[in-house]
Protein chains: 2
Amino acid sequence: MTTDTSSRQTTSDELRLTALEQFASVGFAGASLAHIAEVAGYSKSSVLYHFASKEALLEAVLTPAIDRLEVILEQFLAQPETTATRMRFVDDFIDFILEFRLELHTFINQAQSLKGIAVIDRAGVLIMRLSNAICDNNASVEDQIRFGMALGGAAYTLVAGMNFSTPVNRATTSPDEIRSALRVVMIDLLAPVSVRSTPPATPTPPSAAPLLTPIETGK
Amino acid sequence: MTTDTSSRQTTSDELRLTALEQFASVGFAGASLAHIAEVAGYSKSSVLYHFASKEALLEAVLTPAIDRLEVILEQFLAQPETTATRMRFVDDFIDFILEFRLELHTFINQAQSLKGIAVIDRAGVLIMRLSNAICDNNASVEDQIRFGMALGGAAYTLVAGMNFSTPVNRATTSPDEIRSALRVVMIDLLAPVSVRSTPPATPTPPSAAPLLTPIETGK
DNA sequence: ACGCTAGTTGACCGATCGGTCAGCATCTGC
DNA sequence: GCAGATGCTGACCGATCGGTCAACTAGCGT
């Protein structure tokens, strides 16, 4: 057995990585086993030797990300909710997004068409729980939109959105710069929904509901 | 000739609509001509009679949305920039997103794999110009992320994100409610990039509404 | 030397893909 | 009546899809 616990790259790993890139860029339906194999430097038969089917390959590709997300969520739900734990949660979540951006992008944009596959359904309920954990009680439509835009927006921006920037921009932007900017925007997006739960003493005067001013929509 | 200028549904229209739904839900690669035809109630040959190829069908599906987006952008760029014109632009943009959510979702999430198709490339440069128009001078990384999250987040939330909500929620949420909530969040996201003089935002309410002066969305 | 297992591959399969083509209605103008 | 579009279809094509299978190679314990 090649049980190499260290960082060595096994065939399985290479195939998983290549498949992930393909799934994220051309979609699950658009990525053929033959093409994945060719890019990775193997034959289609080899792919099907390591993974029972195309669906099994998808599961193997996404499962680590979903596992990690589940850990983060459980850890957050296990503690009593304070501002500190909530911030810790947001930071963990940003770590997750940055580390598993391709997996997130794959799931976010294709979950609807992949319903029925185990890991996809599992991720679906996880996203639901995540949404409830952040918006929890009296989740308004606006709160749900804030969460959805944070999730879908991050997935898009970090994967597809970058391709619109000039190559110069992409090259000169350090990961740390992206991370801190993303953090600011994410917190800005999710702040109004989080303010609600932990104002023990300090106000938020009733006149100004957190950030929002009622706006009329003509039609 | 069936030049019916009124709202009658021609075969071409039915096919376009069905194709749009399929492209948005299972992706361009995953949507087969035979399945589109079957759902619409025609044969695959009929689809290829009205549209020269699968790519031509995609172009016919996306072009109206891109045309509309181009008009909005040109109109904004033609005027001197004031708070009023900028708000008008944001409202137009939200109208656009709501009306063409499926087209936007299709383009946003599959542009990278469809590069080379005319309408996709055209949409790509349009998005670039749009980003520059909103972030214009000294666009920081954070500004670009804000724009990307607004764009990708809206596309996701309005199409895929809704599927996670309970059916009850989906049914009881009126379009107007969604629209106004989306407007608040979008402006919240894009406000800092337009009012750059404002110091780094503390989540406290008073500083939050720089350009949120209530304006009728004349539509 | 031996058998066993893991890894890899090409040949092959039925199904489906996008696309072509000849033909069948239906309607129009003459 | 009929010539010519227009709309639509089934039969068919080569290519590619996901997946199966037998065969081959290389290493390892005995």
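Values below: every heavy atom of this structure, side chains too, minus hydrogens, waters and symmetry copies.
Applying the ring pair (Phe, Tyr, Trp, His ring centres under 6.0 Å) test to every pair with at least one member in residues 113-133 of chain A, sequence neighbours left out, gives no pairs at all. Residue pairs satisfying the salt bridge (charged side-chain N to carboxylate O under 4.0 Å, His left out) criterion with at least one member in residues 56-73 of chain A, sequence neighbours excluded, are listed as follows: Asp67(A)-Arg122(A), Arg68(A)-Glu99(A), Glu70(A)-Arg122(A).
Residue Ala56(B) is out of contact with every strand shown, counting any heavy-atom pair closer than 4.0 Å.
Remark: C1' of dG7(C) and CD of Glu14(A) are 13 Å apart, rounded to the nearest angstrom. Atom-to-atom, CG of Leu33(A) to P of dT20(D) comes out at 11 Å; the value is rounded to the nearest Å. Between the CD1 atom of Ile36(B) and the C1' atom of dC17(C) there is a distance of 12 Å, rounded to whole Å. Atom P of nucleotide dT9(D) and atom CD of Glu38(B) are separated by 13 Å, given to the nearest angstrom. The separation between Lys54(A) atom NZ and dT20(D) atom C1' is 17 Å, rounded to whole Å.
Glu81(B) is linked by a salt bridge (Lys or Arg N to Asp or Glu O under 4.0 Å) to Arg86(B), counting only residues two or more places apart in sequence or in another chain. Considering only residues two or more places apart in sequence or on other chains, Tyr49(A) meets the ring-ring contact (aromatic ring centres under 6.0 Å, His included) condition with none of them. Under the side-chain hydrogen bond (donor to acceptor under 3.5 Å, both in side chains) criterion, Asp121(A) pairs with no residue, sequence neighbours left out.
Between Thr11(A) and dT8(C) there is a side-chain N or O to OP1 or OP2 distance below 4.0 Å.
Listed nucleotides: dG19(D), dG18(C), dG19(C). Nearest to the side chain of Ser32(B): dG18(C).
Listed by residue number, Lys44(B), Ser45(B), Leu48(B) are the residues of residues 41-52 of chain B with a heavy-atom contact under 4.0 Å to DNA chain C.
Nearest heavy-atom pair across Leu48(B) and Ser53(B) is CD2-CA, 4.0 Å.
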